[in-house]
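First the structure, in the form of structure tokens, and then the observations on it.
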Amino acid sequence: MKNAFLISVLSFVLFACGEEKTEAQVGQYTTIEVEEVYNAGSVAKGEIIEAKIEVKNTGDYPLMIANVSASCACTVSEFDEDAIQPGETTTVVATVDTDKTGKGRINKPISISANTRPSRTVISIQATVLD
């Protein structure tokens, strides 16, 4: 009986010492590292620009991206809604349909809202749209 109890306690201690992911809590702010300009270069009118923006959590707490919003209907964003642990990186994907933009130089900002200070980070998607 003592052996069974001892084995149970040791098993509990060993499993409790495993790596555990930390969940974000209200009031925990973190920092991020991100390129604030994504330059797609020269693109043909009608081309879809797919901007893959790397966001690294450089703080001490999990990063929670609450929302990614665009400045116009021509930009659509995808992002990870799960917590990004300190030191980890996630990708925000934004697409711009150049059929819905003018010709020449374009600048389409997207805003990332997260548990950072300031809570909003703006990334600019830039390109030159050709005929």
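The side-chain contact (heavy atoms from CB on, under 4.5 Å) check on Glu35 picks up nothing, with sequence neighbours excluded. Among residues two or more places apart in sequence or in another chain, the side-chain contact (heavy atoms from CB on, under 4.5 Å) test is passed with Asn67 by Ser69, Ser113. A search for side-chain contact (heavy atoms from CB on, under 4.5 Å) contacts involving Thr58 returns Thr31, Glu33, Lys56, not counting sequence neighbours. Qualifying salt bridge (Lys or Arg N to Asp or Glu O under 4.0 Å) partners for Lys103, counting only residues two or more places apart in sequence or in other chains: Asp131.
Rounded to the nearest 0.5 angstrom, Asn39 CG and Gln126 CD are separated by 6.0 Å. For the atom pair OG1 of Thr116 and CD1 of Ile32, the computed distance is 5.0 Å after rounding to the nearest 0.5 Å. For the atom pair OG1 of Thr30 and OH of Tyr61, the computed distance is 9.0 Å after rounding to the nearest 0.5 Å. The distance from atom CD of Glu36 to atom CD1 of Ile112, rounded to the nearest 0.5 Å, is 9.5 Å.
Closest heavy-atom contact between Tyr29 and Arg117: CE1-NH2, 2.8 Å. Closest non-hydrogen pair, Val129 versus Gly102, comes out as CB-O, 3.7 Å. Closest heavy-atom contact between Asn57 and Gly59: OD1-N, 2.9 Å.
Gln28 places a side-chain heavy atom less than 4.5 Å from the side chain of Pro62. A heavy-atom distance below 4.5 Å is not found between the side chains of Lys108 and Ser124. Taking 4.5 Å as the limit, every side-chain heavy atom of Val122 sits out of range of all side-chain heavy atoms of Ile110. Between Ile123 and Val37, every side-chain heavy-atom pair lies at or beyond the 4.5 Å cut-off.
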Taking distance alone, no hydrogens or angles, what donor-acceptor pairs closer than 3.5 Å link side-chain atoms of residues 41-51 to residues at least two apart or in another chain?
from: Lys45; atom 1: NZ; to: Thr98; atom 2: O; distance (Å): 2.8
from: Lys45; atom 1: NZ; to: Thr101; atom 2: O; distance (Å): 2.1
from: Glu47; atom 1: OE1; to: Ala44; atom 2: N; distance (Å): 3.1

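Thr89 and Glu54 share no donor-acceptor pair across their side chains, judged by distance under 3.5 Å alone.
More than 12 heavy-atom neighbours from other residues, nucleotides or ligands sit within 6.0 angstrom of CG on Asp99.
Screening Val76, Val92, Val55 for a side chain to side chain contact (heavy atoms under 4.5 Å, CB included) involving Val68 leaves a single residue, Val92.
Pairs passing the side-chain hydrogen bond (donor to acceptor under 3.5 Å, both in side chains) check and including a residue from residues 70-81, sequence neighbours excluded, do not occur.
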